[in-house]
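Here the structure is laid out as structure tokens; the discussion comes afterwards.
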Amino acid sequence: MKLSLKRLFGRSMTGGLDLAEAPTPPSPRSSARKTALVSLALVLAIIGALVGGYYFAMRPVTLKIAVGPANSDDLKVVQALTQAFAQHKNYVRLRPIQTDGATASADALAENKVDLAIVRGDVDVPKNAQAVATLRKNVVVLWSVPGKGKKKGAKITKIAQLAGHRVGVVGRTQANVNLLKVILQQYGVDPAKVEIVQYPANEAAEAIKTQKADAYLAAGPVNSKITSDVIAASAKDSGTPTFLAIDSADAIAQNHPVYEASEIPAGTYGGSPDRPDDEVKTISFSHHIVARKAVSDTTIAAFTRQLFAVRQQLVAEFPMAAKIETPDTDKDAVIPVHPGAAAFVDGEEKTFLDKYSDYIWWTLMALSAMGSLGAWFAGYLKKDERDNNSHLRDRLFDMIAAARKSETTEELDQMQTEADEILRDTLRCFDHGAIEEGGLTAINIVLDQFHAAVADRKAVLFAMPQSLQRAGAQFRAAGNA
């Protein structure tokens, strides 16, 4: 092929110069090379798009989580989780948003100010909240203290005896007061006949010393330090506390699904004798990690996986972290589970390819279709050039026949000039990709035949006397007239 191109470029049509005398122009760009470069560029573009899509899909996501109050165990656990996720460079990162408590955290989630929140199961859970994990379970502890001096009265041993007495509630959250009212109503005690006072956790021990209440209620994990310290203070300053059993725990749980029947094991709060000295029946409720419905399943699934992966690392510093549990995935759960968390729990979490394989496949199909359409359109645009080139080749065949019958060298020179133009048009079509190398080879063969016909006819004419050439020309002119 290189030799053919040299012959095409090297042979002069008009001057009769040989290959050594003609300058050799550079070869035209191969259409195959063009196609290869375009294909490479397309492949690189596809790879770049896939890499960019992977980076976009897997870049770290920061979720805002509402938790409170200040200095609470919940806040400390969330802060520890935040540090652990950052150290492990996990896909999901956390940004704690401190609130006044579980109710405020629930409100922040309802207003779409945060992505996650730590809420109590017995408060009004936002409608846009779905469960991700159970952070901890809390038990209700009710106990009475014997009075001293003038305040000494009848010993309170049952919840029904609380009417007309003062009950101190540990913690400032209204949820604990509502919890006490639920218990009183179950036992037929009018909450209006019970004086309810609230004490911050750090003031409860001092309130017991001054005997500001006849009984107390605390809610927290079984191993809650706050509850243990308050009970210990009441035992030290007022004598052995009497634990009030919630025997109707099953009935309360039946009427209020957010609560569950539970027990406080004997000796849970230490002491000698044990406090309590026997198992005490009570109710429990949970603190949940909930997420907005709008947060993607992929993000929540990743968060849930990370949460349980680092849970054991937190146990040394926060023993309550060992109590983190998966959410209830039943359809009748009090708080519906988030689909992302359910996918993790049920082992149906999707990988990157599982999630995006359809998009990748359709993208490749679309690119392939676009490539085919582009190739067809490009070929359609070059159709006129191909047709014109076929016409020029047919014209060369006619010129071969005419050259063999030509009577003058002037006619042959004119045909050579026309052949030069045909060559230029052919090389331009080849450079534009309108014809392939096979078409260029065909033109080369026809041009060779034309050159041979012109050379043979010129040899005949040069051998013929000039008088005969002029006579033949005049004869043809007269015949045409």
Side-chain angles (χ1 to χ4, degrees), residues 1-36 378-481:
M1 187 63 206
K2 291 181 179 179
L3 180 59
S4 299
L5 291 176
K6 287 182 179 179
R7 293 173 64 187
L8 281 171
F9 281 93
R11 187 188 298 269
S12 172
M13 296 289 188
T14 58
L17 299 176
D18 58 15
L19 183 63
E21 296 172 343
T24 305
S27 299
R29 182 182 301 172
S30 171
S31 60
R33 185 180 179 186
K34 283 184 179 180
T35 303
Y380 178 80
L381 293 177
K382 297 172 183 177
K383 180 176 181 296
D384 292 340
E385 289 185 88
R386 289 195 300 271
D387 293 343
N388 182 59
N389 184 258
S390 298
H391 174 72
L392 294 178
R393 186 176 59 190
D394 294 338
R395 173 58 183 157
L396 281 175
F397 280 116
D398 294 339
M399 289 168 60
I400 292 174
R404 289 172 178 165
K405 298 177 181 180
S406 178
E407 297 296 339
T408 64
T409 58
E410 288 78 5
E411 292 179 356
L412 294 174
D413 289 340
Q414 290 176 1
M415 284 188 284
Q416 284 180 327
T417 301
E418 185 177 354
D420 285 343
E421 293 300 325
I422 292 175
L423 175 61
R424 291 189 186 93
D425 289 340
T426 300
L427 293 178
R428 184 167 55 251
C429 290
F430 176 71
D431 197 34
H432 293 169
I435 61 173
E436 302 295 335
E437 290 189 3
L440 191 63
T441 301
I443 289 291
N444 182 38
I445 294 173
V446 179
L447 280 173
D448 284 342
Q449 293 297 319
F450 175 75
H451 291 320
V454 169
D456 291 344
R457 190 57 185 172
K458 280 188 176 183
V460 172
L461 292 176
F462 287 149
M464 185 181 300
Q466 292 294 326
S467 58
L468 291 178
Q469 293 185 34
R470 285 193 297 271
Q474 292 173 0
F475 179 77
R476 285 194 305 274
N480 292 333

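If you read the sequence from its start, that first residue is 1, and numbering goes on from there. What you see is a predicted model, and the numbers here were worked out from it, not measured in a lab.
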Taking atom [atom1] of [X] and atom [atom2] of [Y], what is their separation to the nearest 0.5 Å?
X	Y	atom1	atom2	answer
Asp413	Glu418	CG	CD	13.0 Å
Leu396	Ile445	CG	CD1	12.5 Å
Asp425	Asp420	CG	CG	11.0 Å
Leu461	Asp456	CG	CG	11.0 Å
Glu411	Met399	CD	CE	12.0 Å
His451	Gln416	NE2	CD	8.0 Å

Query - Which residues share a side chain to side chain donor-acceptor pair (under 3.5 Å) with Glu421, sequence neighbours left out - result: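 Scan of Glu421 (side chain to side chain donor-acceptor pair (under 3.5 Å), adjacent residues dropped) gives Arg424.
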Query - Partner set under side chain to side chain donor-acceptor pair (under 3.5 Å) for Gln449, not counting sequence neighbours - result: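 With sequence neighbours excluded, Gln449 shows a side chain to side chain donor-acceptor pair (under 3.5 Å) to no residue whatsoever.
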Query raised in the report: Within the distance-only criterion (no hydrogens, no angle test), does the side chain of Ser406 pair as donor or acceptor with the backbone N or O of Ala402 below 3.5 angstrom?
Result: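 No, the answer is negative, given that no donor and acceptor are paired below the 3.5 Å cut-off.
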Query raised in the report: For Val446, which of Ile400, Ile422, Thr441, Asp394 qualifies under side-chain contact (heavy atoms from CB on, under 4.5 Å)?
Result: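 Among Ile400, Ile422, Thr441, Asp394, the one meeting side-chain contact (heavy atoms from CB on, under 4.5 Å) with Val446 is Ile400.
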Report task. Taking all non-hydrogen atoms of both residues into account, name the closest pair between Ala419 and Leu447 and its distance. Result -> CB-CD2, 4.4 Å
Requested in this report: Could I get the full list of salt bridge (charged side-chain N to carboxylate O under 4.0 Å, His left out) partners for Arg404, not counting sequence neighbours?
Outcome: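 Checked Arg404 against salt bridge (charged side-chain N to carboxylate O under 4.0 Å, His left out); zero matches.
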**Report entry** Side chain to side chain, Val454 and Met415, heavy atoms closer than 4.5 Å
**Finding:**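 Side-chain contact under 4.5 Å: no.
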